[in-house]
Amino acid sequence: RVKRLVSPGIWTALVVRDRHCAFPGCRRKPIACDAHHIVAWADGGPTSLGNLVMLCRKHHTLMHETPWQARINPADGFPEFQPPPGRDGPRDWIRERPPHLLVA
């Protein structure tokens with residue numbers, strides 16, 4: 001909680017867990033990604049692996065500017081995403097985008 005930016009150790013753990021941008025359907029490499037706080041640091045979210053997800057710039061911006069939501073699945077510790085309300089398709093938590101949601 002002391003620092004907003006990830007430490008080298010946390011970044012390494014994030015790369016090992018997520019391997020690339022974790023947004024469903026995206027495979028941008030870690031070099032093109034940021035660590036995104038699921039619960040914003042300014043709102044009390046910790047800078048810890050359990051509150052971070054690796055996102056490319058496009059999807060990091062999307063998470064901040066739209067109602068998409070992210071969480072870490074409590075059963076296995078991997079990131080999942082929920083589409084905004086009102087979109088076609090399920091509002092279930094997803095890891096891979098269903099084909100009908102692949103439109104950017």
Side-chain angles (χ1 to χ4, degrees):
R1 180 71 199 134
V2 175
K3 294 183 179 181
R4 181 179 67 86
L5 300 178
V6 299
S7 68
I10 291 175
W11 178 254
T12 299
L14 193 61
V15 170
V16 168
R17 185 192 71 196
D18 294 353
R19 297 180 310 187
H20 46 69
C21 176
F23 194 84
C26 188
R27 296 293 179 265
R28 297 282 308 216
K29 294 181 181 182
I31 193 75
C33 293
D34 301 320
H36 169 70
H37 286 84
I38 295 169
V39 175
W41 188 82
D43 293 333
T47 302
S48 65
L49 188 60
N51 187 48
L52 295 169
V53 61
M54 183 182 299
L55 295 173
C56 68
R57 178 60 51 161
K58 174 184 174 182
H59 293 120
H60 197 177
T61 300
L62 181 83
M63 294 301 294
H64 284 283
E65 295 180 351
T66 71
W68 275 89
Q69 294 181 21
R71 72 174 183 184
I72 301 299
N73 183 299
D76 63 14
F78 287 98
E80 298 178 326
F81 298 83
Q82 189 177 54
R87 290 189 66 138
D88 291 337
R91 284 266 301 146
D92 296 332
W93 291 93
I94 57 174
R95 292 187 183 173
E96 293 297 325
R97 292 181 89 173
H100 66 280
L101 291 179
L102 284 176
V103 178

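Bear in mind that the values here come from a model prediction, so they are computed numbers and not experimental data. One-based numbering along the sequence shown.
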Has R17 got more than 12 heavy atoms of other residues, nucleotides or ligands less than 6.0 Å from its CZ? yes
Taking I94 as the starting point, is it possible to reach L62 by hopping between hydrophobic residues whose side chains are less than 4.5 Å apart? yes
Are P79 and M54 side-chain neighbours, meaning at least one heavy-atom pair lies under 4.5 Å? no
Is Q82 close to D92 at the side-chain level, that is, under 4.5 Å between some pair of heavy atoms? no
Considering all heavy atoms, the nearest I10-S48 contact: CD1-CA, 4.4 Å
Heavy-atom closest pair (V6 atom, A35 atom, distance to 0.1 Å) is CG1-CB, 3.6 Å
Following the transitive rule for hydrophobic clusters with a side-chain heavy-atom cut-off under 4.5 Å over Ile, Leu, Val, Met, Phe, Trp and Tyr, establish whether V53 and V15 coincide in one cluster. no
Taking only residues two or more places apart in sequence, or in another chain, which ones meet R57 in a salt bridge (Lys or Arg N to Asp or Glu O under 4.0 Å)? D34
Rounded distance (nearest 0.5 Å) linking atom CH2 of W41 with atom CG of L5: 9.0 Å
Heavy-atom side-chain contact between H59 and W68 under 4.5 Å: no
Nearest 0.5 angstrom please: K58 NZ to C21 SG, how far? 9.5 Å
Excluding sequence neighbours, so at least two apart, what forms ring pair (Phe, Tyr, Trp, His ring centres under 6.0 Å) with H64? H36, H60
For the hydrophobic clusters of this structure (ILVMFWY residues joined by side-chain heavy atoms under 4.5 Å, transitively), does one cluster hold both M63 and I72? yes
Sequence neighbours excluded, the answer for salt bridge (Lys or Arg N to Asp or Glu O under 4.0 Å) partners of R71 is E80
Does the side chain to side chain contact (heavy atoms under 4.5 Å, CB included) test come out yes or no for L55 and C33, once each step is laid out? CA-CA 5 Å; L55 295 173; C33 293; 6.0 Å; no
